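Heads up, the thing below is written out as structure tokens.
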Amino acid sequence: MTSPEQFYQRDWSIHPPAYSPGYKTSVARSPSYSKISLDNSVGELTGPVFGHSDIDAGDNDLLTNFAQPGQSPIGERIILHGRVLDENARPVPNTLVEIWQANAGGRYRHKKDTYLAPVDPNFGGCGRTITDETGAFAFRTVKPGAYPWRNYVNNWRPAHIHVSVFGSGFAQRLITQCYFQGDPLIPICPIVQTIPDPDAIEQLTATLDLNATIPLDTVAYKFDIVLRGRRSTLFENRLEGN
Amino acid sequence: MPQSLHYLKETASQTAGPYVHIGLAPKAAGFDIYKRELGWDIAGPDAKGERIRIEGSVIDGMGAPIKDALLELWQANSDGNYAHPQGGAPVEEGFRGWGRVITDFTTGDWNVETIKPGKTLDSRGKPQAPHITLWLVARGINVGLNTRLYFSDEAEANATDPVLNMIEWEHRRATLIAQRSLRDGKPVYRFDIRLQGEAETVFFDI
């Protein structure tokens with residue numbers, strides 16, 4: 001067995017700070033002390049392995065995975081596809097990608113969501129898939145609606161899909177949100193704006209991908225996800241004290 | 001201009017939000033959609049080692065339990081091997097070492113059943129005390145928080161653990177140690193995570 005390689009240290013300048021007072025809930029939920037930096041051991045360099053026995057082939061089709069037979073959720077039919085890559089631009093194959101979202105009216109199928117837009121009887125709002133050998137993944141769903149939320153009295157979330165990704169090591173674990181090109185709510189959303197780097201926000205914005213559409217059927221957006229990269233061993237690292 | 005390095009930038013994190021359950025634990029959100037939800041069985045039926053239960057809560061800066069958090073656990077088996085191609089020797093059939101749990105919507109408590117992991121090695125080959133790697137997300141948490149859970153009955157191993165010893169403030173090491181007790185003869189560990197305050201849990205940049 002070869003030991004897994006270390007990850008590049010995280011570039012915290014592109015991530016939202018824990019304490020982001022414009023997003024009020026973060027105030028009491030943000031640690032105050034600095035995180036302690038840890039040389040990764042095997043427990044951080046490895047992570048759970050998923051296979052096709054863990055999921056069903058249809059789990060990535062939100063148009064059908066909760067709909068009654070012959071029925072379909074209401075809304076703009078979209079394909080959301082992309083690749084999971086690492087910072088070295090290498091594909092991350094065989095990794096679990098899970099998504100969840102509101103329906104086309106901006107309502108979540110969740111016992112705690114009380115927004116007045118109706119639940120769609122044919123839409124669950126979650127999907128999952130495993131990337132192929134090239135790191136590619138695809139979901140079919142409806143475009144989620146914007147919805148109001150309690151932060152300031154008049155805050156609206158831009159249309160977004162939540163995305164959870166594993167990678168090959170637990171230190172790569174990531175949850176993020178995918179936004180949609182051209183949405184005027186993006187630049188005024190307090191959650192989006194927790195991210196200090198405008199380029200990092202652009203990177204969370206899926207692009208209309210006309211080439212991936214199904215003509216007369218479903219429009220498509222492309223959303224690539226980049227996880228932390230691993231070092232390559234060019235020369236042996238002789239650690240101090242060893 | 002010097003040459004470009006052509007590295008990509010990591011995708012920025014965003015909060016998991018209050019409805020994380022829809023994606024990662026839909027039954028908790030109130031509906032049944034998947035043949036099998038993932039992460040509820042960490043060790044499997046045939047795992048070696050001591051069967052344990054871990055209970056805890058996640059407490060915010062106002063002292064209130066967080067009722068919409070999700071935690072993931074990643075641990076070695078009782079021999080100190082991870083269920084991963086580069087995780088050491090092969091693990092027993094059914095042992096996954098990975099779990100996912102939510103805090104209760106009413107009480108804010110979480111609990112898991114697993115086995116106590118064995119010792120592992122750090123990046124320099126030094127033994128680490130038995131521990132579980134934890135990752136915590138919730139509404140209001142912008143980037144998932146990483147921490148470790150150690151065991152109070154491993155005082156000797158904990159005393160020489162390289163990660164615990166790296167924490168300069170000795171009193172803060174205690175925030176990572178789950179407290180063992182026996183309930184009906186079975187071991188139960190208590191592990192509360194505090195996001196702020198004097199007893200703020202140690203979080204790691206891993």
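Here the structure is a predicted model, which means the values were calculated and not measured. Chain letters run A, B, ... following the sequence lines, proteins first, then strands; residues in each count from 1.
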Original post:
Does A:T176 reach the main-chain N or O of B:A12 with its side chain, forming a donor-acceptor pair under 3.5 Å?
Top reply: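 Yes, the answer is positive, given that a donor and an acceptor are paired below the 3.5 Å cut-off.
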Original post:
Between A:I175, A:T194, A:L174, which is the residue that forms a side-chain contact (heavy atoms from CB on, under 4.5 Å) with B:Q14?
Top reply: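 So, applying the side-chain contact (heavy atoms from CB on, under 4.5 Å) to B:Q14 and each of A:I175, A:T194, A:L174, only A:T194 qualifies.
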Subject >> Pair A:E87 + B:K9: basic N to acidic O under 4.0 Å >> reply: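 No, no charged N to carboxylate O under 4.0 Å.
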Original post:
Salt-bridged, B:R36 to A:D59, with N to O below 4.0 Å?
Top reply: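 A salt bridge is absent here (no side-chain N lies under 4.0 Å from a carboxylate O).
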**OP:** Check whether B:Y7 gets within reach of chain A through its side chain, its backbone, both or neither, counting any heavy atom under 4.5 Å.
**Re:**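 Both backbone and side chain.
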Subject >> Heavy-atom side-chain contact between B:W169 and A:I36 under 4.5 Å >> reply: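 A side-chain contact exists here, since the closest heavy-atom pair is under 4.5 Å.
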Original post:
Would a 4.5 Å heavy-atom cut-off, applied to side chains only, mark A:N88 and B:L8 as touching?
Top reply: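 In short, these two side chains do not touch, never coming nearer than 4.5 Å.
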Proximity of [X] and [Y] rings by center, below 6.0 Å:
X      : Y      : value
A:F166 : B:W98  : yes
A:F66  : B:F31  : yes
A:H110 : B:F105 : yes

Subject >> Largest heavy-atom contact set with chain B, pairs under 4.5 Å, which of A:L204, A:D224, A:I55, A:D11 >> reply: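 It is A:L204.
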If you take all heavy atoms of [X] and [Y], which pair is closest and at what distance?
X     : Y      : result
A:S41 : B:Q128 : OG-NE2, 3.2 Å
B:I22 : A:C126 : O-CB, 3.2 Å
B:E10 : A:I14  : O-CD1, 3.0 Å

